[in-house]
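Accompanying notes for the structure given below.
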Amino acid sequence: MSHPVTELDRVVIRFAGDSGDGMQLTGDRFTQEAAVFGNDLSTLPNFPAEIRAPQGTIPGVSSFQLHFASYDILTPGDRPDVLVAMNPAALKANTGDLPKGATVIVDTHDFTARNLTKVGYAANPLEDETLADFAVHAVDLTGMTVEAVKEFGLSRKDAARSKNMFALGLVSWLYGRDVAGTETYLAHKFATKPTIRDANVAALRAGWNFGETTETFAVSYVVKPAPAAPGRYRNITGNTALSYGLVAAGRLSGLPVLMGAYPITPASDILHELSKHKRFGVTTFQAEDEIAAIGAAVGASFAGTLGVTATSGPGVALKSEAMGLAVMTELPLVVVDVQRGGPSTGLPTKTEQSDLLQAMYGRNGEAPMPVIAPQSPGDCFAAAVEAARIAITYRTPVMLLSDGYLANGSEPWAIPSVADLPAIEPGFATAPNHSTTNAKGEPVEEFWPYLRDEETLARPWAIPGTAGLEHRIGGLEKGEGHGNISYDPANHDRMVRIRAEKVQRIADSLPPLEVDDPSGQADVLVIGWGSTYGPIGAACRRVRAAGHPIAQVHLRHVNPLPNDLGAILRRYDRVVCPEMNLGQLSRLLRAEYLVDVRPITTVRGLPFGAEALAHDLLTHVTRTAEALA
Amino acid sequence: MSHPVTELDRVVIRFAGDSGDGMQLTGDRFTQEAAVFGNDLSTLPNFPAEIRAPQGTIPGVSSFQLHFASYDILTPGDRPDVLVAMNPAALKANTGDLPKGATVIVDTHDFTARNLTKVGYAANPLEDETLADFAVHAVDLTGMTVEAVKEFGLSRKDAARSKNMFALGLVSWLYGRDVAGTETYLAHKFATKPTIRDANVAALRAGWNFGETTETFAVSYVVKPAPAAPGRYRNITGNTALSYGLVAAGRLSGLPVLMGAYPITPASDILHELSKHKRFGVTTFQAEDEIAAIGAAVGASFAGTLGVTATSGPGVALKSEAMGLAVMTELPLVVVDVQRGGPSTGLPTKTEQSDLLQAMYGRNGEAPMPVIAPQSPGDCFAAAVEAARIAITYRTPVMLLSDGYLANGSEPWAIPSVADLPAIEPGFATAPNHSTTNAKGEPVEEFWPYLRDEETLARPWAIPGTAGLEHRIGGLEKGEGHGNISYDPANHDRMVRIRAEKVQRIADSLPPLEVDDPSGQADVLVIGWGSTYGPIGAACRRVRAAGHPIAQVHLRHVNPLPNDLGAILRRYDRVVCPEMNLGQLSRLLRAEYLVDVRPITTVRGLPFGAEALAHDLLTHVTRTAEALA
Amino acid sequence: MTTVDLPAPALTAKDFSSDQEVRWCPGCGDYAVLKAVQSFLPDLGLRRENIVFVSGIGCSSRFPYYLDTYGMHSIHGRAPSIATGIATAREDLNVWVVTGDGDALSIGGNHLIHALRRNVNMTILLFNNRIYGLTKGQYSPTSETGKVTKSTPVGSIDHPFNPVSLALGAEASFVARTIDCDRKHLTAVLAAAAAHRGTSLVEIYQNCPIFNDGAFEGLKGPDAADQLLRLEPGLEVTVDGQTWTHDPTEANPTRQFAISRLDGDPDSPVPVGIFRQVDRPTYDDQARAQVADALAAAGPGDLQALLDSGDTWSVAEERA
Amino acid sequence: MTTVDLPAPALTAKDFSSDQEVRWCPGCGDYAVLKAVQSFLPDLGLRRENIVFVSGIGCSSRFPYYLDTYGMHSIHGRAPSIATGIATAREDLNVWVVTGDGDALSIGGNHLIHALRRNVNMTILLFNNRIYGLTKGQYSPTSETGKVTKSTPVGSIDHPFNPVSLALGAEASFVARTIDCDRKHLTAVLAAAAAHRGTSLVEIYQNCPIFNDGAFEGLKGPDAADQLLRLEPGLEVTVDGQTWTHDPTEANPTRQFAISRLDGDPDSPVPVGIFRQVDRPTYDDQARAQVADALAAAGPGDLQALLDSGDTWSVAEERA
Ligand SMILES: Cc1ncc(C[n+]2csc(CCOP(=O)(O)OP(=O)(O)O)c2C)c(N)n1
Ligand SMILES: Cc1ncc(C[n+]2csc(CCOP(=O)(O)OP(=O)(O)O)c2C)c(N)n1
Ligand code: SF4
Ligand code: SF4
Ligand SMILES: [Mg+2]
Ligand SMILES: [Mg+2]
């Protein structure tokens, strides 16, 4: 290599183009290259709600951001160091996020007067002062791509389609990344279309060579591998990890899995993924609506299968009544909510954490449901297994709260060894559990479907096909123990409290919380749940790097809250809770512990930026210090 | 009258019999007699979920309790002073509630060995010590009824049916009540069946005469009229009052009303009542389900009508998604939830307050809705008008939380003068509201559907048919002002906060809270919402009567909470919140004000008993006093 | 219908009665149907534990409580969905749905038509009393236009569904109608419905003496013979002047549909019996076949291999 | 259709185009339908402000944004309910529903069949592309069995609905089918649908070039003539060997149903045009008539009298 090479410890790169430009694929492939190289990484895809938004418009821009580093990182990064913009719209939509000095690689091909006007550029930004703060590389990526693939005889339009691979090749060169994996990938993907395959590979190589042979880029960079424990890794998105977690839960419990679902963004991929795993005893049922989907899952659970349903906020709203039935019948059920921007249809492709209170309270009557949340894309696996453990052990519907960021974002995942995963015991009832005498005074053995395990308060799960345990359940109030309909006031009061207590008892099965407070000196505790783990962690690092101690604790279990949480919260002078909603966990904590939890909220459809969050946290830290001084 | 007459200041009487025995009618009529006489009163009907539960069984017992007094009372009473039991099941089911010394009037007719065994009486309770604590009058009501009506040539079975009128006549005599009103009522009800009419009237008179002429009762009683402000009164149930309130809201706003509903206990009577009032421009639509019902109401609101839907908890669960649409489209809508025992199908005919958190949070995303609750049956009228005022003024769906007790319970209601009710101003948009220039630089007037009123933050309501204001709304996020779809992150954050702020601003339109603390010395404040008003008030009276000051405040508006509530709560050493759930308002208050609100909860499907509640309150008062000492 | 042939012990109607007290109103048509079902169930030759009754909400939906089988009294309108889950999860279960005209055709209409088109193995007993019984007497989607009820004081204005026509339009593979009071006919129809593989819909005219007494009065008692058209294969039926030979097994549902339209005609007898009975693949059999095929083709899934799939990399030694 | 005759100014297609950028994929069949509707709307002779378009969720449900009328892009499957509210509230509005095969037949199936049986004044445009477009390509209730999609990697096992048969089974008064690319046919069908009093259902075959390209390929281009059976009153149609004379106005829907079954037959042409067009009272007209009758009989309600009704009593002087 004739170019000088500069070492960096982290890079944030954003690929942006029209929805049809293949930016998600470009990002995915570059992510894969970085992953295989050994960087730690985190990604943030961002696409419009339209299938194909109008070409060349700002709403039509699709982007993919990747943060990769030589140390462990927690977020996809706030501001791109490098922007690859495939057209004027992509440039316009993204320059606002760039820090001074960022590198901008622009495909000049579409910078016609008409296209510029369409997005509101009065003049060509490549020719005026618009991009003065950035290092701009304006190159005709499209033109060069067409040139590179001309031997394959494609139409100009089809030829130009490979420009994303040209861009990928160029960026791969820039960071010294091997494109062999992508070549294999292309060979596989276009196995049946050899011309397309060859054109893409040619474009990819041409991009790489363009970097290598021209003087466009003065330096290239290297970002060394990040520290990592030994083991096998793969890059994984939250939706895939969650699906694998459900498949694993079936295996670990020995139960078949029946997933009822109705497609909805951003949860549909869970249905798509699970539909591939019939060999694991997983059946998927695409229902006519969300209610039928959960209905089938409840039916399947009654029949001795692990019933699962996955949806997003509007679908959860529709499932509310049926979740109540699962609460009353005390059947295992996993309800996955991949949260998106609300209310109503809201912002379907954006992320948000605003279904927490719906998950807690969105049912008629006192209908408690455990609520658990994964903290990163890879963690969706473990969270799904945990949801199934609780559902099966305690005979209860469980709400698993993922979100759009986790669903589509990815990170390297240390692949667990299946042998190390703990079994889940369905413990089906097989025999009568209650002795009584019949009218003639003879002893009789009966089955009482609401006679509970003393420790967990779980009721027995007797599945059809088990002789002698025939019984009827339903949504009317049950008599304690025998489970027949009961209108007795005292019984109802007792049953309402027992159902609440059962969910509360789950807390006894949880490990102690881990508070991250490296200095042990913090006065301020930051608490979060779900996908804010990364940004909060990154922000805390910044605060600490600026010389201020700060503690972090993160909740996987939001209901029941861990037994040790109250004591932890009271240990700090100030508790701060960042959330992608208007302060929903804050409300729960304030009500539960009477601690003045202070919300930091963002409802932008995007994860917290670490920098901005660090700034807010710092304010809390200094205010607290002032108050204590 | 030859009998001695004793004066009482209050009586609680319970009529109990088989579901088919007409106890609800007997209770209603006696209530009417008491009302016309001028007593204050409060009623509690209680009936099984089955249409006709099996005869002679405990689950088949239907009862009606009436509390009437010579002073203003607040509850239907805890324990009956008088029980009228029409069969062994009714006796068995109700004796547990009787205080020592209670009067028990029993129809001996059905006390056969078989019937006794059926309900678990080993021996005839009329003949052993079972009723030793009570003043028992065992009379063959059925036999005497049959005798009294024999001239009408009815079958024995039909003749016996009038036994409830015989019982009513007897009890009317006992309390010196005029039966003329009931005779008129019977004449009207059975206008087309003269024989039945005559038999009922004959039985009624026979009952009265039986009391007058026999020596069965040593004394009769008089309960004098209660103090009352001048005016016209009627006895009214919550469901009727609520329906009238909706009719009135239509009149006061000048809007037609369209009510979409799907029948569900205990809300169906609102549909039934409203379906009678077409002359008031009220249209009722019995939809295929709860979702279609609210859908039609939302459509009607879009079209410039006051959209209303009424249901109970399971129906609210189903309407969750559509309520979110109403939040996003900011259309006026009144959603009535007549709460019943939950979760799931729960206890359909029983009362509960357990949908409060569902009302607050049972929607995806940040979807704030005002929540208001009536405090007594008659108050349902004013609460419904208030719900409509908020819905129309602020362009928002409003949740009106009634419950089974309010719905079917009744009380005397001072009929408002229509002329005194305040108008509600729909303020339809009639003209463009925004000036801009078109491509040619010419000024253009546009209509922006999301340009808000500065004070209320309400958006304009431009209804189809208004030329020039054509616009499109929907469930996707709206751009501030213009209302077109917007995926902009900053806009979304702003809109989420604006919607929250709009609901918050409603608090500025509320009157100051009234704290009832006669002595001004209370350390303990009792706070409640909805139908617990009566029992809490009655319990507070008892506490005060026992020499302990205690303060009471009651919320009509649960969301937003009144502006002065925080200061009020902080004024007291202890705040106690009785609720018919596991502490839902307590949670809201704790989260909002960080005040250690202490819940007192009952989930028995029945209102609080004033005596038991007074006992609990007293404990709080003495503990607080101890702590302060 | 289960495909698993179990050596079932000989059972009697009594074996299928649960210990719960039956709580319908005196004279309710539901009693007769319960009796008929209890008497008929032993004929299935199945073990009690392999039978599941699922219902929605309504008077009729109390049915499962009275049968000593597995059962679920679910929520309003959703029984077909729950039954779909049960049937798909378990080949060895015999699944029944009990529902009312409100439960099945009002709130649950969509689940019903989707179950029919999918042809999931279940037998649906639709108790049609043309009224909402449990909520005390509002009109239902099968009530006649003009009906005065609690919610329609001056008469309903909805045009009713014809459940048989609706089911035929929804691709049903088995559709029949019978009547509560005719035990023999009811049992015969039940037997055919239970024997059918796929979704069988049986509409049962059921009298509600409390809120809609006599809705089917003409179809009972002495005149019944004139009023009822008992469908049999080969029966010649005249509709609107056109004569049809009834063949429930005909793939094209047109003639069956034609016969279903007799219902709307006040001058025609009401057709009862089996309208349609055709074989086509069932949803749950195919779902299981897809699982079986996947297993046959590639063996049971290897969880570790699944987790290890895709582009992976290894870190051999701690990299710090 | 409105009954109020307004002196509408002469409008053009352009008057019906909103300022919002159309955001379907290039080549999407929705464009053609939008153009046709925009061009056709002026023919209604109505004022823009008296027209309301309501849609559910799906690609096609974006339709209202592009029309400069009143409109609501509601929630998935519920447009017919919302339209029912609008139509019942306002006699003077012309109400349209725009929906997809998923929106109308999957999640919204129940509202659709109930709207049809009630016969509420609205014109429903059902864009059938036999796929879920907006959620990126899962099979729908009209997808052919065996379809490989994202959610059915080894082929779907659901038997599809025939929307026309379903509608006829649901007592529809107007049912038609047309195709996105045939502007003339589409416009003619739209005109008849809009003119019909009651619920008109128009199924529009619509190509989704992204997720289900060519679903209706045979029906376009040179072979179209053989593949399409253009229904006209009096046309002789042979189904399963039986010949029928098409009469959309016939009260008994049997023949119309028979013709709808041609669809399932791969060897037969696909019938398009008007299957059924019969007059029967509409829900909203009757609802308004009940209000009008009540008013005519007893005059406008007196609120004070209502509140004062029942057994009342008066307290003349403060009673303390
Ligand atoms: C979600 C919901 N909505 C409404 C109800 C009230 N409800 C219970 S049963 C029923 C209709 C009953 O009619 P049908 O299905 O015909 O049964 P029947 O009682 O006549 O046997 C209704 C409206 C409910 N339980 N749940
Ligand atoms: C309650 C709810 N469930 C699911 C979705 C996701 N969703 C949106 S549109 C759609 C189906 C679209 O298919 P179709 O109606 O055929 O319309 P098309 O996009 O094909 O025009 C689905 C499943 C949603 N928006 N809301
Ligand atoms: S109300 Fe009617 S359907 Fe219900 S149990 Fe009574 S008689 Fe039967
Ligand atoms: S996905 Fe299909 S239906 Fe949707 S806009 Fe694109 S082409 Fe049209
Ligand atoms: Mg019924
Ligand atoms: Mg579609």
Side-chain angles (χ1 to χ4, degrees), chain B residues 18-20 24 47-60 118-119 157 239 259-279 282-293 310-315 317-318 342-346 348-349, chain C residues 20-28 30-31 55-62 65 72-78 101-112 129 131-141 143 147-158 161 208-212:
Chain B
D18 247 359
S19 297
Q24 301 302 323
F47 35 79
E50 288 85 4
I51 304 305
R52 297 277 184 278
Q55 261 188 310
T57 66
I58 295 206
K118 198 161 167 184
V119 300
K157 206 176 136 200
N239 272 347
M259 192 240 205
Y262 186 69
I264 187 167
T265 306
S268 308
D269 281 337
I270 301 173
L271 168 64
H272 305 159
E273 184 64 36
L274 287 179
S275 68
K276 298 178 196 157
H277 302 301
K278 304 193 199 309
R279 291 198 299 135
V282 176
T283 303
T284 52
F285 166 59
Q286 181 178 312
E288 60 271 25
D289 67 7
E290 282 85 353
I291 305 178
T311 185
S312 186
L318 288 168
S344 195
T345 313
T349 57
Chain C
Q20 297 298 296
E21 197 172 358
V22 185
R23 293 203 185 160
W24 289 304
C25 307
C28 179
D30 293 354
Y31 283 100
S55 64
I57 301 286
C59 294
S60 37
S61 288
R62 291 231 159 194
Y65 289 120
M72 196 191 300
H73 178 220
S74 74
I75 45 178
H76 199 28
R78 317 302 172 188
D101 44 323
D103 194 61
L105 296 170
S106 195
I107 193 168
N110 206 32
H111 307 306
L112 178 73
N129 54 11
I131 200 81
Y132 292 171
L134 190 72
T135 47
K136 308 198 174 174
Q138 299 83 12
Y139 76 114
S140 90
S143 298
K147 192 171 194 80
V148 173
T149 70
K150 285 213 183 98
S151 56
T152 49
V154 292
S156 72
I157 55 181
D158 292 34
F161 279 137
C208 167
I210 305 295
F211 296 112
N212 199 19

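Chain letters run A, B, ... following the sequence lines, proteins first and then strands; every chain starts at 1.
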Inset, instruction - Using a cut-off of under 4.5 Å on heavy-atom pairs, state which of C:Gly133, C:Ser151, C:Gly102, C:Ser156 scores highest against chain B. - result: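 So the answer, after comparing C:Gly133, C:Ser151, C:Gly102, C:Ser156, is C:Ser151.
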
What's the separation between atom [atom1] in [X] and atom [atom2] in [Y], rounded to the nearest 0.5 Å?
X	Y	atom1	atom2	value
B:Phe285	C:Asp158	CZ	CG	7.5 Å
B:Leu318	C:Ile75	CG	CD1	7.5 Å
C:Thr135	B:His272	OG1	NE2	7.0 Å
C:Thr152	B:Lys276	OG1	NZ	12.5 Å

Considering only heavy atoms, which portion of [X] lies under 4.5 Å from any heavy atom of chain B: side chain, backbone, both, or neither?
X	value
C:Thr149	neither
C:Tyr139	both
C:His76	side chain
C:Val154	side chain
C:Leu134	both
C:Cys28	neither

Inset, instruction - Could you have a look at B:Ser275, B:Pro48, B:Pro348 and say which one has the most heavy-atom pairs with chain C under 4.5 angstrom? - result: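 So the answer, after comparing B:Ser275, B:Pro48, B:Pro348, is B:Ser275.
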
Inset, instruction - Find the one option among B:Asp289, B:Asp269, B:Thr284 whose heavy-atom pairs under 4.5 Å with chain C are most numerous. - result: B:Asp289

Legend entry - Other residues, nucleotides, ligands: >12 heavy atoms within 6.0 Å of B:Gln55 CD: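 Not buried by this count: 12 neighbours or fewer within 6.0 Å.
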
Inset, instruction - Spell out, as yes or no, whether a donor-acceptor pair under 3.5 Å connects the side chain of B:Gln286 to the backbone of C:Gln138. - result: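 Checked: no pair found.
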
Which atoms of [X] come close to chain C, meaning under 4.5 Å heavy atom to heavy atom: side chain ones, backbone ones, both, or neither?
X	answer
B:Ala292	neither
B:Ile264	backbone
B:Ser19	neither

Inset, instruction - Carefully, step by step, assess B:Glu290 and C:Ile107 under the rule side-chain contact (heavy atoms from CB on, under 4.5 Å). - result: CA-CA 8 Å; B:Glu290 282 85 353; C:Ile107 193 168; 3.4 Å; yes

Legend entry - Heavy-atom closest contact (B:Thr345 atom, C:Ser74 atom, distance):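 What the structure gives for the nearest pair is OG1-O, 4.1 Å.
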
Legend entry - Sub-4.5 Å side-chain heavy-atom contact between C:Lys150 and B:Ser268: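 SC-SC contact between C:Lys150 and B:Ser268 ruled out.
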
Inset, instruction - Could you walk me through whether C:Ser106 and B:Tyr262 pass the side-chain contact (heavy atoms from CB on, under 4.5 Å) test, one step at a time? - result: CA-CA 10 Å; C:Ser106 195; B:Tyr262 186 69; 3.4 Å; yes

